[in-house]
Structure formats: structure tokens, C-alpha cells
Amino acid sequence: MNQPQIPLEEKLHLDKTLSIVQAELDSVRAATKAQQQEMDRLRSELQTDRELANLWSSEEFEDLADLSQSVRLLTMQEETQDTAVARRIALEYQQHSPYFARLTLRFPDEEEDEPIYIGRFSLWNPKEKDLAVHDWRSPIASVFYRFGMEPAYYTAPLGRIDCLVTGKRQYEIRNGQIVYCFDADSVIQDKLLRKMLSQNASSQMRSIVETIQKDQDIAIRDEEHDLLMVQGVAGSGKTSIALHRVAYLMYEGLKNRLRSHNILILSPNTVFEKYISSVLPELGQRNTAAATLEYILENFLHTPVQSRVDRIDSLCKAESRQAEAMRRMLDFKSSPEFVAILDRFLQEIPRHFSQYQDLWYGDHLLATAQSLKNEIMQRDDKWPLGVRLHRLENILWEKIRALRPERMKTLYFRALQLSRGPEWARAYSLYETASLSRQIQAITRLSVRQLYLSLFADETRFLRLAKGIPLPSDIRSILTDTCEALRSDQPLPLSDASAMAYLKVRLEGRSASGDIRQVVIDEAQDYGMADYALLHSFYPNARFTVLGDINQSMERGMDHSFFGNVQKQLKIEKAALIELNKSFRCTKEILSFSEQFLKHAALQSFNRSGEEPKILPNDQIISCIRQCKEMGYKSIALIAKTAEMAEKWHARLSLEIPIRLMGRDINPGDVFIVPLALTKGLEFDAVFLLDCDETNYSTEDDRRLLYVACTRALHFLSFFYTSSPSLLLKQEDQCNG
């Protein structure tokens, strides 16, 4: 793309903007230095006060109050310093690139056009008392992403603002110098986007503020819905949308005090967490909490839980018959029908699963089994069962405490009759109380694991609970296999852990919400309905952003009813579903090849060309790696179907070339082998799919695996086989070497 000469007025405007940046940066640096000195002084005084104050003396209460005031002052000063440091970092970025676009707008009743410069961060011009640069998240910046040279509008705090777009210009500014600037019609914008997409993959995801598309911007800025769902094909920018949406919500959250600690991102694995960790800091925001579902479950249930990566890997390496049985079980435990059975089970627990018995304290009948059951069943059931049982336990102990003086008199008298001292009476009382405590806890304390096991262990009860609910044909095998898994010493299967946690939170009435007000779920298709029911119970005050691709499920097949079921389990009425069918990741050749693995494909390719995918014998792997390195590709991923296969290939190839087995790190310049289960959400310059023989890839489920693996590639895709390639690769005429 030929670059025209930079107009003088653009250079002058940039110089003017940079002078504003420098002036504010000097001011912020001076303020930061003064604030640091003040914090150092407060810390020193606080340490001295702590040493002098007698905190154990009631006479020194005033000293303690003064100390508390000093702590508050220091905390406020630290918060101010954090804000100043964040602003300093933003200004230091603006020194290199203060803006990336300019809109020229004409407003009604205005005779002159108004230039609006857009950057990652806003910049105030104190002389003109106006913004020199508008933050990309500001309402007016939405016009840049959503409109061409046409009538436009944006929604400001005071309402809708109409305008006419009379000019759009994009810039690349590096180190305070304009590299290029173009009037950005749709053709030029596509060329700029194509240039960015042609770059090599990075070890960490990058922000996309310069190239956000209209549909992506609509999803990022949506505040109208409590549940935003995005169905997007591979490479449509779902994860970028998720992270830029988080940055936008925090920007808008200044109005309603939404902060980083109010947001949770659920990610598919820890590799992915590291991959996305730099995006929010690039956008001037603190990273929010990010966690896998299994990590949350382990902390809630206090037991090891199978990871999603291990579950996918187990499915990939299982024999076809075993894999089919595993998928049927997973289909069932991921279904709304299973959640309905769990809800019926919850209703039945108070009647049949608490061990009601007559309770005696010496000669006093505290309560009969029937009266205890009546107490629980007749109490207001708006309270969770665990709360009702806890209250019952308190009532029983209140009765015991009231009867204890009389009981101790009886025991002292008996001690005299037995020629024992008072120590015997006290010892017997302790023994009696401990025994009674065990009886009470057998009634009022529930073991969620034992309850869940009992659901599957009694086939008659399970079938009664499931009356009228469609069940898989092999439900008896599912019941048996579940019992075996729950009785083993292996980590708790992930689907069972979600179901158990759902029972626990419903029984105990405890959530894990803290201050979480926005939950972002990436790779949403990997979560079952029990997971969503659990997340609703965990985070009852949260809004949800759910992003996924039903075609990228590695574990089971699904259709568009998935998103409707998600909405039902999250119990959110105000919801929207946005569909993104254009892929920006792969070349059109790679996307076209990948499309054959989908039954109902509706993929659109951003028009970026590259090499045709190749199907090659194993003896060409090394030469292909060298070819890719010569072509300048920085990340070359050899994808094996299972972790075991990855280890074998690493042992084999590491004898010939430097190659890593991928763990938590992804480093540019690496050639590495990675199990398919770990590639979720990632992208690489070149992808080599290993062991593409008929023995490894032959089923309908394997089609989804191939689709996921193929769409990890940005520029180069090859398949390698030992004896003969999988028939799944021959659905269309493809280039074989």
C-alpha cells in the first residue's frame, strides 16, 4: 500500500497534542513524587505510633483512635497514588501514540465541522478547556466504529445526538512520529485490518481498539441487557470482545462504581489466562479476577476436581465405544433435564435424607423423630434447608443448656450413690454431651457428597424423581459409572463437581459472589446446564456476558438451543444474542478447508489470502518446520490429539530440532508440541496437526476436533499422517503436498 506524504497540518497537530501530553505528564510526575513522600511520612508516623501506643490498655483508647485515623489517611493516600500512577502510565503511552483516528463531524445547527481525535486514553486540553483526545470507549467514539461517511448518531448521557460524518482518518503513530495517515473509507480500513491480521501471532493477546468492527462494537458497548450472549465462529474476535467489553464496563463503571474486583472472567485453562493477561493493562485497566471453573469448585467443595483439559484429553484418547459412553453421560449431565432432576431431589431431601431420631438428654425427651421432621417441614421453606437445620440445632442446644443444671444435679447424686467423686459426674456429662452432639449433627449436618451418591445409588428412587423427564437409553450404566467414580479416590469428575456444588449452595444458601457484579464466560459451549445453574446461584447479583461457538465444542454436539437453555438456567429475562459469522483469524484458504468439518457451515472469511493447507507424510515434518521458520513465522504449534501423543512426539522430534512441550508458557520464536485440549482460544502462525490417520480421526466427534485445531492457524496449516490420511480430510479436493 503506497503511503502518501504526511500533510504538514497533521504533523503540527501531533506536535501540539504531544506538548499537552508532556505538560500533563510533568505535572503528574511531580504530584506522584509529592504523594510518595507524603505516604512515606504517614508510614513512618504510623510505625512510631504503633510502637508508642499501649493497645491493650483501656486508658489509651484515644491513642488507638488516632492510630485508626492514620491508617485511614494512609489508605486514602495510597488510592490517590494508584490513580496517579495509572494516569502516568497512560500518558507515557500517549507520548508514543496519542491517537489512532480522527472523525470529522457536522452537528445540526453548526456551520463548521468539528474534528474528534480518538485514542486509547482521553487527553484534556486545559487551554481550550476541551478534550484533545477522546477515549475509544467514549460515546462519541462509537461513531468511528459504526458509521461510514453518512448520517450518524451516538447516545450521550443527555440522550441521542445526531450528526453527519464528513471525514474519517486513521493513523499509525510510533515514537511520537506519524508513520502513515489515510482517509479511512471502507477499502482503506480493510487494507489496514488485513495488514494487522497478517502480522505474526504473539505470546499474548493484543488489544484491537484500532480495528474494532461494527458488530464487535455493538457487543462491547451493550449495557441494556443483563445477559449478553455472543455466538461467534472461530476467529471472529469473541475473546477480544470479552476483554474490551470488560475495559468498557469499567470505564462506564465510574458512574456506578464497577471496579476490577467486581468482575470475574471464567477461562478454559491456565494457559489461556496467561495468554489474555496483557490486554486489560494495555487498555489502562487493572486485570480482573480470572479463574477456571474447576479452581472455583475445588475451593468451594474442598476436594480435588478433574480439570476440563483432562476431561477433554480422556475423551480424545478413549476407545470409540468408551468415548461414546462418556459423551452420552456428559450429554445427560450437561442437560436441562439433569438440572430438573437435581431440583426435584432438593425438594425430597428434607423428607427422606435427614436421619431423624428421638433425642434424649438423660431422662428428658428433647424431641421425637416425628417432631423434628415436622419442625423442618413446617418451617417457612423460603429459607434453605441448611439454614433451617442450623436453626433447629440451635434450638436443641438451647433446650440442653436450660436442662443442664438439673442434669448435673442428677449426675452428682448418682456419683455419690456409686461412691464416685464430682470428677466422675463432670466426665460423664462431657461423654453424654459428645454423644448427643453426634446424634444432633446426624440430623442437622448434611454430607453433600453422600447425598449426591445416594441419588445415583438407588435406581428406583432416581427413576421416580425422573418421572416424565426423557432419559438416555443407557441410564443404568450412567448410574453405575457415576457411583464408581464417586467412590474412587480419583479427583471428582467435573460434571459431578458442578452438580454437587449446585446442591450445596442451594442447601446451604451460601453463594461465592463476594462483590462480583459481572461474570464473563469465554468458551461458553464447554459449560453444561448444571454449570450455569450453579453460576446463577453463586453470583445472584451479577450480570453475565457469555461468548462461545457451538461448533467448537470438543466434548459433545450441540445446536442453537444451547443459548436459550443458558438463559433459562441463569434466570435472566433481559437478554440478547449476537451472532458473528465472519472470521478474521485464518486466511480464506484455511477457513475454506476448515468449513468441510461443519455440518451446517455459515462462515464468512475476511478476504486475506495465503497458502493452501497441505496433507503430508510424517517424514516431511522437519522440513516444513524449517520452511516456516524461513518464512518468519514466530509461533509454530504441532498439535497432538492427546497429551500422551504429545509427549511421544516431543521425545522423538527433540532429538532432531529444538522443540518444547507446551506447559503454561507460550513464547514467541517457539516451536512447540501441544495437546489439542490446551489450544482452546489460542492462535498460532503455523499449525501442524499430527497423527492425522484414519485410526485417530474418523468419527463425527473427530470432525469438531479437526475444526478447532484447523482454526488455530493464522497463516499456515499442514496435516501429517503415518500410513494414510484420515478420510475426513478428503471431503473436497485438497492439495496433497
Side-chain angles (χ1 to χ4, degrees), residues 200-201 203 271 313 316-317 585-587 589-594 596-597 610-663 665-680 682-698 702-703 705-737:
N200 289 326
S203 62
V271 171
D313 198 65
C316 288
K317 69 183 179 184
R585 177 186 296 144
C586 311
T587 62
E589 290 80 7
I590 292 174
L591 195 67
S592 176
F593 189 98
S594 306
Q596 68 177 299
F597 303 121
E611 293 191 45
E612 291 282 354
K614 296 178 172 60
I615 303 171
L616 303 167
N618 286 342
D619 59 12
Q620 295 192 40
I621 291 177
I622 300 297
S623 61
C624 271
I625 291 175
R626 289 173 179 153
Q627 176 190 351
C628 286
K629 291 181 76 69
E630 289 171 2
M631 294 170 70
Y633 296 144
K634 299 298 183 184
S635 61
I636 302 170
L638 283 67
I639 300 179
K641 190 175 184 182
T642 69
E644 183 180 352
M645 289 178 175
E647 291 171 1
K648 289 180 179 178
W649 273 106
H650 179 256
R652 175 178 170 182
L653 294 177
S654 61
L655 299 174
E656 301 183 58
I657 57 169
I659 191 167
R660 296 172 57 247
L661 187 63
M662 185 169 133
D665 299 322
I666 316 168
N667 297 317
D670 278 343
V671 179
F672 48 83
I673 299 177
V674 55
L676 183 53
L678 267 180
T679 64
K680 297 290 289 186
L682 306 182
E683 59 185 32
F684 314 101
D685 291 331
V687 165
F688 293 6
L689 195 55
L690 305 173
D691 296 307
C692 291
D693 296 75
E694 183 68 15
T695 53
N696 291 314
Y697 293 97
S698 59
D702 289 331
R703 285 183 178 276
L705 300 181
L706 287 170
Y707 173 70
V708 172
C710 291
T711 52
R712 302 308 95 199
L714 274 74
H715 313 298
F716 189 94
L717 174 65
S718 289
F719 302 83
F720 293 91
Y721 62 90
T722 301
S723 53
S724 61
S726 165
L727 295 177
L728 295 178
L729 304 180
K730 297 182 178 181
Q731 299 302 305
E732 297 178 358
D733 292 332
Q734 302 295 344
C735 175
N736 292 328

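Because only heavy atoms are used, hydrogens play no part in the values below, and waters and symmetry mates are left out as well, while side chains stay in.
Counting all heavy atoms, side chain and backbone alike, Gln596 lies closest to Arg703 at O-NH1, 3.4 Å. Here the closest non-hydrogen pair linking Ser718 and Leu616 is OG-CD1, 4.4 Å. Closest of all the heavy-atom pairs between Ser594 and Cys710 is OG-CB, 3.2 Å. Residues Phe672 and Ile659 approach most closely at CA-CG1, 4.0 Å, considering heavy atoms. The shortest heavy-atom contact between Asp702 and Asn696 is OD2-O, 3.4 Å.
A salt bridge is defined here as a Lys NZ or Arg NE, NH1 or NH2 lying under 4.0 Å from an Asp or Glu carboxylate O, and Arg585 with Glu683 meets this definition. A salt bridge links Glu644 with Lys648; the closest basic N to acidic carboxylate O contact falls under 4.0 Å. With respect to the salt-bridge test (charged N to carboxylate O, under 4.0 angstrom), the residues Arg660 and Asp670 qualify.
Taking the six-membered ring for Trp and the full ring otherwise, Phe719 and Tyr697 have centroids separated by 6.0 Å or more.
Here the side chain of Thr679 pairs a donor or acceptor atom with the backbone of Leu676 at under 3.5 angstrom.
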Please assess Leu714 against Ile590 for the test side-chain contact (heavy atoms from CB on, under 4.5 Å), listing each intermediate value before the final yes or no. CA-CA 8 Å; Leu714 274 74; Ile590 292 174; over 6 Å; no

What verdict does the side-chain contact (heavy atoms from CB on, under 4.5 Å) test give for Glu694 and Leu728, after you've listed the backbone C-alpha separation in whole Å, the side-chain angles of each residue and the deciding distance to 0.1 Å? CA-CA 8 Å; Glu694 183 68 15; Leu728 295 178; 5.7 Å; no

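Of the residues listed (Cys692, Pro617, Cys624), the one engaging Phe720 in a side-chain contact (heavy atoms from CB on, under 4.5 Å) is Cys624, and it is the only one.
With contacts defined as side-chain heavy-atom distances shorter than 4.5 Å, the pair Phe684/Ile636 does not qualify.
Side-chain N/O atoms of Asp313 and Thr642 include no donor and acceptor closer than 3.5 Å.
In this structure, the separation between OG1 on Thr587 and CZ on Phe593 is 11.5 Å, given to the nearest 0.5 Å.
Aromatic ring orientation, His715 versus Tyr633: parallel (interplanar angle below 30°, classes split at 30° and 60°).
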